[in-house]
2 protein chains.
Amino acid sequence: MLNYTTSEENYIKAIYHLQKVDGMVTTNELAAELESKPASITDMMKKLKAKKLLNYQPYQGFRLTADGTKVALGIIRRHRLWEFFLAEKLKFTWDEVHEVAEDLEHVSNKKLIDKLDEYLGFPRVDPHGDPIPDANGKIEISKKICITELAVNTVSTVASVSDHSSEILELLEHKKIAIGTKVEVKKKFEFDNSLEIKINRQPVITISEQLAKNIFVYTS
Amino acid sequence: MLNYTTSEENYIKAIYHLQKVDGMVTTNELAAELESKPASITDMMKKLKAKKLLNYQPYQGFRLTADGTKVALGIIRRHRLWEFFLAEKLKFTWDEVHEVAEDLEHVSNKKLIDKLDEYLGFPRVDPHGDPIPDANGKIEISKKICITELAVNTVSTVASVSDHSSEILELLEHKKIAIGTKVEVKKKFEFDNSLEIKINRQPVITISEQLAKNIFVYTS
DNA sequence: AAATAAATTTAGACAAATCTAAATTTATTT
DNA sequence: AAATAAATTTAGATTTGTCTAAATTTATTT
Ligand SMILES: [Mn+2]
Ligand SMILES: [Mn+2]
Ligand SMILES: [Mn+2]
Ligand SMILES: [Mn+2]
């Protein structure tokens, strides 16, 4: 496996995340994501195409090749393993890990990452509940739905939270909701789309639509 | 504290290590150390001087300012903490840690490093026995002498080993010599400068001049 | 189907870090 | 004190990654 610059890696990772949603990624989309300019995107797309990491025809958008996807999964593996390390071992809070992992992910020594993985006990998800690809780039995609879609009176487990800010973390901690928490929706209100939910055997609590939209649970 | 590029950091660190020996560092010396060309050194020296990290007059050599030294100690702190982490937690061998730490040292998040330090139990020396600067950049300089200088029949402790290769590690492991091992020189041979030494209460063993020159012990 | 708007690419510029080759300064020898 | 050698700097080029502004292509309206 060749090595890529930090800049190349940031483009590859961003494309990977955008194409999960879109399929095909556009120049302006990627420029917005990376907070850079469309002209810079075009330049890098030519380079990644030359390296066979990208399918790209001028004006037609782009997507990663199989090789490009492998590279992306390697970066995401490093990112999420470091996030896990920071949270689990160094006791960083949930909202702090991402920024530091953004730098650590670019240290791409294979042995370092595989030994780190082993040291951490081969964690399957990062502190936000996102899956960690294994050493072969295999990623476990669990079926998840937003808690707003969960049927009433069905117990499920919180799988991930899509917003990673300190503000949502504060609220979730206050309400004692974390990754892995067992939850059950008791009532849905049409007026404001708020939910009443139960956590284990505690009294029902209310969560707003804004909060609910960010909480995903396993469909089991 | 400002941030510096990986390239700037590598220059600063190399100057720090060279001036320990020399006092003043020269262009050619630094070019050799960094495996680059004199012209590149001059370019970077101008930049570091402009940033007030370096005292430099054309043709007169250079040395770090107080600010430059602080920056250097920060880099060395990160490098050695990561080396300790790799050896202690990830079970890397002694000769493998340096290369990986060369990359990790450039991730300069203050909180990351201070939390890592705490997690590791505030280690005072890295796996090679070199001192780790604390969060304030204070470095504990222990008085050391080469084992070749140690008086006969005086027990001392192995403080550090200057060669970091896998070859010397293999030999040291075979002879059961490590950082912290108590040693006593029993006899010195003038013919080949080999030494007979005792480790704890075990039978004497012989070490060659080449090996002895790389072993340093605390003077106490 | 033009005309207009939006998206994208191209052209040309710039900063960082590096190099080679030439010029300059300092050190060493005769 | 010249002459020569060694060390260092300068000049000019190259690569990577970025940008602005202009040109081009594609999409959307009239
Ligand atoms: Mn993240
Ligand atoms: Mn994450
Ligand atoms: Mn080292
Ligand atoms: Mn070391």
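All heavy atoms count here, side chains included; hydrogens, waters and symmetry mates do not. Given the structure is predicted, the values throughout are model-derived calculations rather than measurements. Chain A is the first sequence line, chain B the second, and so forth, proteins listed ahead of strands; every chain is numbered from 1.
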Does A:K37 form a side-chain contact (heavy atoms from CB on, under 4.5 Å) with A:I41? I'd like the steps, not just the answer. CA-CA 7 Å; A:K37 305 293 167 186; A:I41 303 299; over 6 Å; no
Pick base, sugar-phosphate or nothing for A:T42, based on heavy-atom distances below 4.0 Å to the nucleic acid.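 Answer is base: heavy atoms of A:T42 come under 4.0 Å of a base.
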Determine whether the side chains of B:H98 and B:H79 contain a donor N or O and an acceptor N or O closer than 3.5 Å. yes
Does anything in residues 5-18 of chain A reach DNA chain D, meaning a heavy atom under 4.0 Å, and if so which residues?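 Listed by number, they are A:T5, A:S7, A:Y11.
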Specify the separation, in whole Å, of atom CG of B:N28 and atom C1' of D:dA6.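 B:N28 atom CG is separated from D:dA6 atom C1' by 8 Å.
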Ignoring hydrogens and angles, state whether a donor on the side chain of A:S194 or A:D192 is under 3.5 Å from an acceptor on the partner side chain. yes
What nucleic acid atoms does B:Y56 come within less than 4.0 Å of, heavy atoms only: base, sugar-phosphate, or nothing?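 Sugar-phosphate contact only - B:Y56 comes under 4.0 Å of backbone atoms but never of a base.
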Any chance the side chains of A:N214 and A:S162 put a donor and an acceptor closer than 3.5 Å? yes
Within the sub-3.5 Å range, which N or O atoms of nucleotides 20-27 of chain D have a protein N or O partner, and how far apart are they?
residue : atom : partner : partner atom : Å
D:dT25  : O4'  : A:Y59   : OH           : 3.3

When rounded to whole Å, the CE to P distance for the pair A:M44 and D:dT15 reads 16 Å
One pair to check against side-chain contact (heavy atoms from CB on, under 4.5 Å): B:R124 and B:E140. What are the steps and the verdict? CA-CA 8 Å; B:R124 304 252 278 293; B:E140 214 174 83; 2.9 Å; yes
Respond yes when some side-chain nitrogen or oxygen of B:K46 is under 4.0 Å from OP1 or OP2 of D:dT9, and no when none is. no
DNA chain D base-pair string [pairs: Watson-Crick or G-U under 3.5 Å; |: paired with another strand]: ||||||||||||||||||||||||||||||
Take B:N193 and B:T148 through the test side chain to side chain donor-acceptor pair (under 3.5 Å) and record every step on the way to the result. CA-CA 8 Å; B:N193 293 313; B:T148 55; over 6 Å; no
Which heavy atom of B:L104 sits nearest to which heavy atom of A:W82, and what is that distance? CD2-CZ2, 4.2 Å
Tell me whether the guanidinium CZ or amine NZ of A:K111 lies under 6.0 angstrom from the six-membered ring centre of B:F92 and within 45° of its axis.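 Because its charged atom sits under 6.0 Å from the ring centre and within 45° of the axis, A:K111 does stack over B:F92.
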Do B:E170 and B:H174 have side-chain atoms, one donor and one acceptor, less than 3.5 Å apart? no
For atom CG of A:D43 and atom C1' of D:dT16, their distance in whole Å: 10 Å
Between B:N3 and B:S108, do the side chains contain an N or O donor and an N or O acceptor separated by less than 3.5 Å? yes
Answer yes if the ring centres of B:Y4 and B:Y11 are under 6.0 angstrom apart, and no otherwise. no
